[in-house]
Amino acid sequence: MTVAIRVIPCLDVDAGRVVKGINFEGLRDAGDPVELAKRYNAAGADEITFLDVTASSGNRETTFDVVARTAEEVFIPLTVGGGVRAAADVDRLLRAGADKASINTAAVARPEVINEITERFGSQVLVLSLDARRTTDPGCPSGFEVTTHGGRTGTGTDAVAWAREAAERGVGEILLNSIDADGTKEGFDLEMIRAVRAAVKVPLIASGGAGKPEDFPPAIAAGADAVLAASIFHFGPVDMIARVKRAIKEAGFPVR
Amino acid sequence: MATPKKVTVLDYGSGNIRSAVRALEHVGADVTLSRRAEDVLEAEGLLVPGVGAFAAVMKALKDVGALQWIGRRVAGNRPVLGICVGHQVMFEEGVEHGIRTPGLGEWPGSVELLPAPIVPHMGWNTVEPPENTRLFKGIENERFYFVHSYAVQKWQFDVTQPRMQPPAVTWAEHGARFVAGVENGPLSAVQFHPEKSGDAGAQLLKNWLGTL
């Protein structure tokens with residue numbers, strides 16, 4: 001009788017198209033985020049996340065259109081991140097049909113925006129997207145540093161302290177992405193998950209480093225309530241979500 | 001084909017209501033999104049959505065003049081379905097950050113913080129419907145999508161009159177047992193989001209339409 005561990009595929013969307021080519025059999029249009037969201041829904045995804053990587057703000061309109069078309073057809077929670085700077089951006093995403101918005105750089109730059117958004121829409125709409133890396137910087141006693149701009153820019157801010165502050169300010173959830181593990185396919189950064197888990201009560205989504213189904217249960221044992229990944233689902237076999245869930249279940253954790 | 005059931009989704013400025021509209025249309029309802037008294041009172045079914053804080057939802061309901069509408073529908077045996085905070089406001093009061101806010105008071109009880117190590121309760125959880133459920137028929141063993149930090153942890157509605165139909169109360173658990181659903185004559189409410197609970201949620205909405 002416990003809440004299931006959520007398995008969440010993440011799609012990078014640029015000007016209304018999925019960025020990394022996805023290789024699924026029978027897909028009419030592998031670049032269409034709506035088609036892919038439907039496919040993942042049918043494959044057993046517990047939520048869908050879109051990361052809007054559109055560089056030019058002029059092309060952002062396409063994102064709202066994608067969100068609206070997805071919400072018309074996919075009846076599971078939809079989170080959208082990228083380009084969220086103020087409560088007005090969250091308002092537009094919610095109106096388009098998103099259930100949650102994730103915020104990253106803008107919250108690091110101006111933490112008060114977390115209070116502004118969650119006081120207006122409630123904690124449940126806001127996910128803190130936290131890109132962290134290992135550091136020996138004495139200003140980061142946990143050994144983990146907050147980065148921005150997709151991990152390219154270090155901030156000198158302690159990642160665990162930032163997670164705690166963001167939770168106190170009102171975020172309903174934290175998406176913890178290990179910049180060091182991301183892309184390695186060698187497993188999650190378990191120490192990082194443990195460190196953030198010990199600091200916050202809000203649900204924790206682990207991301208970065210998944211290469212095979214067996215990589216997921218240790219992240220959950222370390223304290224993750226949900227797991228998010230991209231390439232393992234995009235380039236893996238069509239039943240990868242089911243395989244990941246099987247591995248999680250066999251390790252003794254509940255899945256849907 | 002049977003005539004589609006006419007359902008109004010109460011539009012009082014609460015979060016993502018588009019999903020509720022689409023999910024109802026998906027299972028065959030004729031949906032109107034409205035805050036006009038006649039649409040709210042005359043529809044065969046009224047859906048009351050709600051996200052965010054209890055106090056904010058009560059204020060928004062008051063601002064559009066909707067506080068009496070639910071009671072009026074219930075008195076006229078007109079079905080209502082509350083979702084998430086729309087479920088919570090059916091109770092007597094909500095307690096958030098130590099502040100008590102009166103609810104619609106259709107049922108006794110208080111909405112309070114869940115004593116769980118991880119809050120909000122976010123994700124897909126199991127439920128325990130009673131034998132006499134209509135909403136959960138055929139989906140008793142499915143999981144539904146919850147997002148909330150507060151819940152009704154004590155059911156205090158004692159039916160002492162033998163002629164009264166006892167309400168069907170569905171329980172779930174996160175840190176404590178809490179009320180996940182109530183079916184009480186024309187008034188029903190669920191703490192989770194059927195419009196976000198995939199096929200199981202669609203079936204629940206379909207079951208509700210079947211009661212209209």
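Proteins come first, then strands; the chains are lettered A, B, ... in the order of their sequence lines, and each starts at number 1.
- One finds the CG atom of A/L94 at 10.0 Å from the OG atom of B/S19 (value rounded to the nearest 0.5 Å).
- For B/H26, the part lying near chain A is the side chain, with the backbone staying farther off; criterion is any non-hydrogen pair under 4.5 Å.
- For the atom pair CD (A/E72) and CZ (B/R22), the distance works out to 5.0 Å, reported to the nearest 0.5 Å.
- Contacts between A/A96 and chain B at a heavy-atom distance below 4.5 Å involve the backbone alone (N, CA, C, O).
- For the atom pair CG of A/D225 and CD1 of B/I118, the computed distance is 5.0 Å after rounding to the nearest 0.5 Å.
- Neither the backbone nor the side chain of A/D91 comes within less than 4.5 Å of any heavy atom in chain B.
- Comparing A/A71, A/A4, A/P77 by how many heavy-atom pairs each has under 4.5 Å with chain B, the most go to A/P77.
- Between A/F75 and B/E195 the shortest heavy-atom distance is CB-O, 3.6 Å.
- With a threshold of 4.5 angstrom between heavy atoms, A/A226 does not approach chain B through any atom at all.
- Neither the backbone nor the side chain of B/A56 has a heavy atom closer than 4.5 Å to any heavy atom of chain A.
- Heavy atoms of B/A116 lying under 4.5 Å from chain A belong exclusively to its backbone.
- By the 6.0 Å contact criterion, CZ on A/R110 is enclosed, its count of non-hydrogen atoms from other residues, nucleotides or ligands being greater than 12.
- Using a 4.5 Å heavy-atom threshold, the side chains of B/K196 and A/D99 count as touching.
- Proximity to chain B is absent for every atom of A/V125, based on heavy atoms less than 4.5 angstrom apart.
- Note: B/I17 CD1 to A/R95 CZ = 8.5 Å, rounded to the nearest 0.5 Å.
- Contact of the A/E173 side chain with the B/M122 side chain is registered, since non-hydrogen atoms from C-beta on lie closer than 4.5 Å.
- Remark: the backbone N or O of A/V3 is not paired with any side-chain donor or acceptor of B/W124 at under 3.5 angstrom.
- Contacts of B/P117 with chain A are made by backbone atoms alone, with heavy-atom separations under 4.5 Å and no side-chain atom involved.
- Only the side chain of B/H121 has a heavy atom closer than 4.5 Å to any heavy atom of chain A.
- Closest non-hydrogen pair, A/G172 versus B/P120, comes out as O-CD, 3.4 Å.
- The side-chain heavy atoms of B/S149 and A/Q124, taken from C-beta on, include no pair separated by under 4.5 Å.
- Within 6.0 Å of CG on B/D199 lie no more than 12 heavy atoms contributed by other residues, nucleotides or ligands.
- Heavy-atom distances place the side chain of A/R6, and not its backbone, under 4.5 Å from chain B.
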